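Predicted model only: the values in this text are computed from it and were never measured. By convention in this document, chain letters (A, B, ...) are assigned in the order of the sequence lines, proteins followed by strands, and residues within each chain are numbered from 1.
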Amino acid sequence: MIFSLILGFILLIIGLYGMLTQKNLIKIVIGFSIVDTGTHIIIVSIGYLRGKTAPIIDNAVDLANAAKQVVDPIPSALVLTAIVIGLAVTALMLSFIIKLYHKNRSLSISDYQELKW
Amino acid sequence: MINRIFILLALLGLILMFLPFLKDFDFHDQLGDLSSQYVEGSINDLNSQNVVTSVVVTYRGLDTLGEVTVLFLATAGIGFLLRTKKRSKKSRKSSELLQTASQFLLVLIILTGIYIFLHGHLTPGGGFQGGVLIATAFLLLILADANVEFNHKVLHLVESFSGTFYVLIGFLGLLLLGMNSFLDPTIIPLGSFGKLLSAGAIPVIYSLVGLKVGSELTTILDKMGGE
């Protein structure tokens, strides 16, 4: 669907805007998650074929010419991978934030100027 | 202020880069060659109902192994960052409703998770989804009682055994079927299409992935719950 493709891009832009403008570290991570979701929606909607069913060969699909009746399985498999990686990366980022908060008692990115140029 | 303007300009540039892609995008009404081969191969060669599962576990099995490795690395990183000395004992008590419900629901949620990864080759779902569901059961336990202690030995044992057996099954394919068959599921008889015992080694591999993901995510939740 072209609409889900557009929705994915809108989510991607919103997430990037949030990541670039917010000062709170946790909000930056939330922006990252929104970008993540946007890319997942884009990838899945690229694999969509009009009027076809899910790539699971049950009673809804004729065994003889199954390849003509299902949507593309590869984007789904890729997104399955991407979701789990996104989860792990988010958890890692949050634990960095926990560590930073323990050290400096601040969640604002303005207080971490060591890498600023 | 000038900052904000630059950010908006950058995003505008990004939108302008995306627009041609959206304008020229045309949806196919046929599967590509590779996808059709995957669908036919999943039915004829692997006896697996769920094509996504056969792509994830068999055709792109090496990618999945890499993904499991990334998950393991993230868990190791979190374990390194959040090695806590002692849990804070000041946590509030949660309501009795939550405590009772968590005791009751724990087993049911774990059972549903096991069901999902055992049926990964038949229905939507699989190792990753089942593993995440198992981890949510333990999250419920942490929510009910913040001081809950998990047996780390068992968690680590389950994690390392499932990871090791996953790689061993891959090498078994090399050993039994010759070159180019790392992670080939046909080392086990394929069974009949649509039954629980079908698709060769796919349910075994996906169960191992499920156990590994479940134990890793439980470790992550445990570390984060300790903070």
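Most heavy-atom pairs under 4.5 Å with chain B, from the set A:L92, A:L16, A:V71, A:V89: that is A:L92.
In this structure, the side chains of B:K223 and A:S95 stay at 4.5 Å or more apart for every pair of heavy atoms. Annotation: side chain of B:L22 is in contact with side chain of A:I6 (closest heavy-atom distance under 4.5 Å).
In A:K52, the NZ atom is crowded: over 12 heavy atoms of neighbouring residues, nucleotides or ligands sit closer than 6.0 Å. Counting heavy atoms of neighbouring residues, nucleotides and ligands inside a 6.0 Å radius, atom CZ of B:F18 exceeds 12 of them. A 6.0 Å sphere centred on CG of B:D33 holds no more than 12 heavy atoms belonging to other residues, nucleotides or ligands.
Of residues 70-78 of chain B, those residues lying under 4.5 Å from chain A by any heavy-atom pair are B:V70, B:L71, B:A74, B:G77, B:I78. Identified by a heavy-atom distance below 4.5 Å to chain B, the contributing residues of residues 74-87 of chain A are A:I74, A:S76, A:A77, A:L80, A:T81, A:V84, A:I85, A:L87, in residue-number order. Chain A is approached within less than 4.5 Å, heavy atom to heavy atom, by B:R4, B:I7, B:L8, B:L11, B:L14, B:I15 from residues 3-16 of chain B, ordered by number. Heavy-atom neighbours of chain A within the stretch residues 160-167 of chain B, taken at a separation under 4.5 angstrom, are nonexistent.
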Test side-chain contact (heavy atoms from CB on, under 4.5 Å) applied to A:I98 and B:L82, step by step: CA-CA 8 Å; A:I98 291 173; B:L82 303 179; 3.8 Å; yes
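Contacts of B:V39 with chain A are made by side-chain atoms alone, with heavy-atom separations under 4.5 Å and no backbone atom involved. Only the side chain of B:E40 comes within contact range of chain A, with heavy atoms under 4.5 Å apart. Within the 4.5 angstrom heavy-atom criterion, no atom of B:Y59 approaches chain A. In this structure, the portion of A:L12 lying under 4.5 Å from any heavy atom of chain B is its side chain and not its backbone. Heavy atoms of B:I220 lying under 4.5 Å from chain A belong exclusively to its side chain. Of the two parts of B:E216, neither the backbone nor the side chain holds a non-hydrogen atom closer than 4.5 Å to a non-hydrogen atom of chain A.
Within the 3.5 Å criterion, the main-chain N or O of A:I57 finds a donor-acceptor partner in the side chain of B:Q49.
Note that CG of A:L100 is 9.5 Å distant from CG of B:L81, once rounded to the nearest 0.5 Å.
Contact record, B:V52 with A:P55: CG2-CG, 3.6 Å, taken as the closest heavy-atom pair.
Note on ring orientation: taking the six-membered ring where Trp is involved, the planes of A:F9 and B:F21 are perpendicular (angle over 60°, cut-offs 30° and 60°).
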